[in-house]
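Input: a single structure, listed below in structure tokens.
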Amino acid sequence: MSKSISDKVVRNTDGNTPFSTILEANMSRRLVMRGSLGSALALFAGASISACGGGSDGDDDKAVKLGFASLPNSMTDACVVPAGYVASVIGAWGTPLNDQAAPWSNEGRNTSQDLLHSTGMHHDGMHYFPLAGSSSEGLLVVNHEYIDEKALHPNGPTSVDGKRPAEEVRKEVNAHGVAVMHVRKEGSKWEIIQNSRYNRRFTSATPMNLSGPVAGTDWVKTPFSTTGSQVRGTNNNCGNGTTPWGTYITAEENWAACFVNTGEQTAAQKRVGVQAKLGRYQWETAAGDASEQQGEFARFNITATGADGLQDWRNEVNGFGYLVEIDPYDPSSTATKRTAMGRFAHEGAAYGIPVAGKPLAFYSGDDSRFEYIYRFVSEALWDPKDAARSDRIAVGNKYLDKGTLYVARFDAEGKGEWLALTPATKGKDGRSLGEAFGNIDAILINTRGAADFVGATPMDRPEWTAVHPSNGDVYLTLTNNTSRNAERGTNAANPRLNNVNGHIVRWHDDAGANTFRWDIFVFGSDAASNADTNRSGLTELNQLASPDGIAFDDRGILWIQTDNGIDGGRNNAVAKATNDQMLAVVPGALKDAKGTGPVINAGNQAELRRFFVGPNEAEITGFAYTPDHTSIFLNIQHPVNWPAYGTADATRTPDSKVRPRSSTVVIQKADGGPIGV
Ligand code: FEO
Ligand code: CA
Ligand code: CA
């Protein structure tokens, strides 16, 4: 998500845990956290900062090696890939999935019904689900995070006497959500198979099930679902995740601003940023239109006007803010919101390496300034047979509806602790969460407030998470935080004031315990900044800012994507030098000249390489790959003048100004070989 809908307001006024005094200790320590290939989830040996001559961090001989030259900076309206690679566009916004949609209109004239049967706008998180293990046919599932109202309509959004036209609102609602696309490669060309039974759209109006502790409670009973079992739509779906049983998880991020409460707001509503006057898109203003069905517009106004939640839409908002599970392989399945995993501005979800007989862990960041990092641990113990079951949503019910949600506290010396958000946990004032908040459903509804209460560490905007496929280390992007000023102070894990560049934190859970070891893998910076800013020694060839998307492939290559807010102006030194990008690094292959451990530093710059640069103003997000690694997919979100649709190479600079379309880009090697190596 670019700057345009990110929540810039600091809603965490709690001021937990400033640790500025230990900053220097942390920086000199540099690294305590070392993984070990092949020892998945093994107990960490501890803080070994000096004896790192061996290969425990990377098993160097076996680690995959990057085989491309780092790209130079680029600021064009084209996609740039390394020599020997080719890129193409698939599924640009408005591409029909079936015959019920008219072709995309260059004048913005498509209807809401067209959008219901086409790819949505502003592509984000993504995954490739192979059909029968195939690397040339599968289901590509893509989040559609938000919309460019100017591009969506012929002449931008309209309103009449303060009311949005119903058709415009429906079109915007349908441009959000998730698309499931059946894709196939013919020769080297990937295409969407129109009218496939797998093709599917979830929008901000699609009925979905609520599951877990909040489902069926008074919190979520509405005129639409008097039992609190369903809600319509998923909204502002940013990052994604998957499960070990082959389902997709879509993360609801900046949903809160779609809702307005002009009356007295609850603590939970204030904490997530429900609007006080008008919703972000003013969808609520279409209420009362003669065509309105079951309060489809009125539900975005959650002001209490009736006797209870069955008489007005006060509870509608409580059906949003979750991780939502989708079974792409079963077109008849219902998307299911997993309330046990917390309610906040979810930025994706990544699971720890499953171990038979142990609980599963899922990690999810909350992307706002000074918000937190969460971990959900299942009550059920992992049974590998569940990976092959075909009733995948039922498997999700088993692992994702019962368990414990934790929030992270990052302490000095590279140690940390997961704090359980359960009624028994004591808060900073000595009371328990149960005493202060009530039952688990009340705690989950105000997850941020509960995390404040127990003293979690406020972070610099937690974005995506990725888990190393062999050693289980968890990497999380902290995109930036320009509100981290002297008054607010730094803490060990967020050590730079006015953090315009962001960084990537990494941790490893101690086996069977609620503690972890952490370090900072890389600090974003421009190449020219001083050593206090450019702490990782980045160069012209890998300078980066605002890391956002992050994913491992199963070879151990870590892919890092940036969202540097360039659509809001080139406001930092990296943005003045290059467009948003995707870089690659193999953490398991890093060598460290100083002997202080395998973080990015001056001694290993050649290992962090720029693989892709996108067109002007676009962010790079979403990562997927085929099992044979010969095709990778990424998303170009909110370009300003791209793609060159209708031409042989739509990834190049258009010949003249175009109506911009967010799109998926497929990258292959010209010789058909595996990507990156
Ligand atoms: Fe949608 Fe946090 O980026
Ligand atoms: Ca972002
Ligand atoms: Ca993002």
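Remember, predicted model here, so these are calculated numbers, not experimental data. Heavy atoms only: backbone and side chains are in, while hydrogens, waters and symmetry mates are out. Indexing begins at 1, ligand by ligand and atom by atom, following the structure's order.
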So does Ala527 get a backbone contact from the side chain of Gln543, meaning a donor-acceptor N/O pair under 3.5 Å?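 The answer is yes, because a donor-acceptor pair under 3.5 Å joins these two groups.
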Would you say the side-chain atoms of Asn480 pair up with the backbone N or O of Ser546, donor to acceptor, closer than 3.5 Å?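 Side chain of Asn480 to backbone of Ser546: no pair is present.
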Name, closest N/O/S atom of Glu463 to the Ca ion (ligand 3):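 In Glu463, the heteroatom (N, O or S) nearest the Ca ion (ligand 3) is OE1.
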Candidate list Met121, Glu619, His123, test side-chain contact (heavy atoms from CB on, under 4.5 Å), partner Ser662, passing option: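 Answer after filtering Met121, Glu619, His123: His123.
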Shortest-distance N/O/S atom, Glu253 versus atom 1 (Fe) of ligand 1: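 The nearest such atom is OE1.
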Atom of Glu145 closest to atom 1 (Fe) of ligand 1, considering N, O or S atoms: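 Distance check against atom 1 (Fe) of ligand 1 picks out OE2 in Glu145.
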Checking Arg535 against Phe523: charged group under 6.0 Å from the ring centre and within 45 degrees of the axis?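 Cation-pi check for Arg535 and Phe523: passes.
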Assess, by modelled atom type and distance only, whether the side chains of Asn564 and Asn572 contain a donor and an acceptor separated by less than 3.5 Å.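 Asn572 and Asn564 do have a side-chain donor-acceptor pair below 3.5 Å.
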Indicate if the distance from the Ca ion (ligand 3) to the nearest N, O or S atom of Glu347 falls below 3.0 Å.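 Given the 3.0 Å cut-off, Glu347 counts as a ligand of the Ca ion (ligand 3).
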N/O/S atom name from Asp548 that is nearest to the position of the Ca ion (ligand 2):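 Going by distance to the Ca ion (ligand 2), the closest N, O or S atom in Asp548 is OD2.
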